[in-house]
Amino acid sequence: MRHGRTAISSLSSPLIKNPSIHLGNILLIASLTKTLSKSGTRNLDPNSIPISEPLVLQILRKNSIEPAKKLDFFNWCRSLEPNFKHSAVTYSHIFRTVCQSGFIEEVPNLLFLMKEDGVLLDSETFKFLLDSFIRSDGLFKARKVMEACQLFEKMVQDGVRASCWTYNILIDGLFRNGRAEAAYTLFCDLKKKGQFVDGVTYSIVVLQLSREGQLEEALRLAEEMEVRGFVVDLVTITSLLIGFHKQGRWDWTERLMKHIRDSNIVPNVLRWKANMEATMRNPPKNRKDNTPLFPSKGGFKEIMNLLGSAGQAMGANLDSEDYDENSQEMSSFETDQWSSSPYMDQLAANQVKSSEHSSRLFSLIRGQRVQEKGMGSFDVDMVNTFLSIFLAKGKLSLACKLFEIFTDMGVDPVGYTYNSIMSSFVKKGYFNEAWSVLNEMDENICPADIATYNLIIQGLGKMGRADIASSVLDKLMKQGGYLDIIMYNTLINALGKAGRLDEASKLFEQMKTSGINPDVITYNTLIEVHTKAGRLKDAYKFLKMMLDAGCSPNHVTDTILDNLGKEIDKLRMQKASMVHTNNGDGT
DNA sequence: TTAGGGTTAG
């Protein structure tokens, strides 16, 4: 009851002047009254209900009230009387409400009001806001790097305590949003000052270096971690191992072992992997069945329809007959025969039992790390990681077997697992399989996320159906989704490969206007598709743009530029020979 | 159950 004595009924009159607010608050007042009578308030007199903080919180916590109306209510309370102030808890609530429901643009104004109310942002909410601004996990999360940076500076100025945690969100966000330079500089500065750097900070930087193929530097940092007393843990090691794998440098694991104090981790990871492979080498039961992977409820029907006649085949189950009729690519499938599969039956029938032989090898209790419990304690994320490594190597059979073991242990595959499997089907050109998984993927089992959409676009691009991609995008946008950098890059690639270079360039512009900084992949893709199309001037234009933007080329750029160089030479030769021929004619 | 590992380019 710390705030005013204003009665609700007397407040409804000024609101009527603003119809939209009025409508929202009629509902709120009704709900408020209901809440009060439920909580046993006696002699409910609408003229004497004070707006108090507990009441405000009660309203804000109600799931049945739309976020927009909560915001209306929040502002309405504030307009009641000049002295009304929301509390820190209420601000924390309203921030979560607006961020989680797509009203992130309300944040600056709310911060302003907060300052006016003399309320200081607590560090939890600070972390939450920073995270909302800079990361892009879900379909509906906004991503605004510049705003995030400004928010960060402002908060630190206002006296909110920065921590390793907040800096890590910032560094990771900068890396993920094409600002590697800024991220790395920040990391080095913090290190120099000896502040706000912990094992996770190192792990974030090691990951980025590994991704970029800068393995020497990544290893050096891992070594530095040890020297400075931070544990090189499983997450960091996994990042490095994936980097090694991508460069085909498994031999580097020895160097890694030398650097790591806990000498058991790397051997354990490798032994775990070897055991897994051995288990999978045991002849699978290979019983063919045509049971759908997932209980069918449909979904993505619209996309299937768009594909027209090709869509006929898309509902097809995993049936080996299909492959023989298809391209050469398909016939290699025979040598990498997965089992399809008793486990899938179980999955479909919702009867997942635990199996005897495999559960001893892999215990999947989330959060337990290998250094604590030895090799039986990898978590779900670890399995997903290796699944991806197998898939990237094109070992679908191994990957599917792992998937079976995984589900057999009673672990529900997460969306990521489905995305991985579909994605590698798409990469190998098994579109029917990919679409059938997609078709069966019920929104309730695993909601489609941005990665799902990304692989659809990738698949459509590979099928040479970039034309359909825009329809998929429409569907995504209608659901309130947004495009992330991977989506843009994938689309640009798909359009470029389809020879629709102007559209690709248009998308590039759109990407910049929407505040997403093109990264090295964007530029590489643009240079590559323009080179292949013989538009060398344009290719060169994008190269220049890349350097001007301060985006450093990487090893992939080298390969692409080699090709560009060759094309330019070829053109010179042609010109020279033409001149030569002309001269020859002349003499 | 709280920030980091698994999706995009050659």
For Q247(A) and dA9(B), give me the distance from atom CD to atom P, rounded to whole Å.
-> 15 Å

Length of the line joining N517(A):CG and dT8(B):P, which is rounded to integer Å | 21 Å

Of the candidate nucleotides dA3(B), dA9(B), dT7(B), which contains the atom at the shortest distance from the side chain of V200(A)?
-> dA3(B)

Rounded to whole angstroms, how far apart are CZ on F508(A) and C1' on dA9(B)?
-> 14 Å

Counting side-chain heavy atoms from CB outward, which of dA9(B), dG4(B), dT7(B) is closest to N454(A)?
-> dT7(B)

Once you round it to whole Å, what is the distance between P of dG5(B) and CE of M225(A)?
-> 13 Å

Do any of residues 88-97 of chain A sit with a heavy atom less than 4.0 Å from DNA chain B, and if so which?
-> none

Any chance CD of E509(A) has more than 12 other-residue heavy atoms, nucleotides or ligands included, within less than 6.0 Å?
-> yes

Write down the distance between NZ (K127(A)) and P (dT1(B)), rounded to a whole number of angstrom.
-> 17 Å

Any chance you could lay out the salt bridge (Lys or Arg N to Asp or Glu O under 4.0 Å) test for E216(A) and R220(A), step after step, and finish with the verdict?
-> CA-CA 6 Å; E216(A) 287 279 1; R220(A) 196 193 63 72; over 6 Å; no

Is any N or O donor-acceptor pair between the side chain of N554(A) and the base of dA9(B) shorter than 3.5 Å?
-> yes

Over 12 foreign heavy atoms within 6.0 Å of NZ, K570(A) | no

Just checking T522(A): base, sugar-phosphate only, or nothing, at a heavy-atom cut-off of under 4.0 Å?
-> nothing

Minimum-distance nucleotide (side-chain atoms of I486(A) versus dG10(B), dT8(B), dG5(B)) | dT8(B)

What is the distance, rounded to the nearest whole Å, between atom CD1 of I485(A) and atom C1' of dT8(B)?
-> 9 Å

For D502(A) and S505(A), does a side-chain donor sit closer than 3.5 Å to a side-chain acceptor?
-> no

Tell me which nucleotide among dT2(B), dT8(B), dG4(B) gets nearest to the side chain of E124(A).
-> dT2(B)

In whole Å, what is the span from the CD1 atom of I204(A) to the P atom of dG4(B)?
-> 7 Å

Counting side-chain heavy atoms from C-beta on, which of dA3(B), dG4(B), dG10(B) comes nearest to T236(A)?
-> dG4(B)

K497(A) side chain near dG10(B) phosphate (N/O to OP1/OP2, under 4.0 Å) | yes

Looking at the side chain of W165(A), which of dT2(B), dG10(B), dT7(B) is the nearest nucleotide?
-> dT2(B)

Y523(A): partners by ring pair (Phe, Tyr, Trp, His ring centres under 6.0 Å), with sequence neighbours left out = F508(A)

OH of Y202(A) versus P of dA3(B): gap in Å, rounded?
-> 22 Å

Kindly point out which of dA3(B), dT7(B), dA9(B) is positioned nearest to the side chain of V556(A)?
-> dA9(B)

Hey, does D198(A) reach any base, or is it just sugar-phosphate, or nothing, if we go heavy atoms under 4.0 Å?
-> base

The nucleotide from dG4(B), dT8(B), dG10(B) with an atom nearest the side chain of N563(A) is dG10(B)

No-hydrogen, no-angle side-chain donor-acceptor test under 3.5 Å, D562(A) and T559(A) | no

When N489(A) is tested against each of D519(A), N524(A), T525(A) for side chain to side chain donor-acceptor pair (under 3.5 Å), which residue passes?
-> D519(A)

Ranking dG5(B), dG4(B), dT8(B) by distance to the side chain of T238(A), first place goes to dG5(B)

Looking for any heavy atom pair under 4.0 Å, which part of the strands does T525(A) touch: base, sugar-phosphate only, or nothing?
-> sugar-phosphate

Look at atom NZ of K506(A) and say whether more than 12 heavy atoms of other residues, nucleotides or ligands are closer to it than 6.0 Å.
-> no

Any R176(A) side-chain N or O less than 4.0 Å from OP1/OP2 of dT8(B) = no

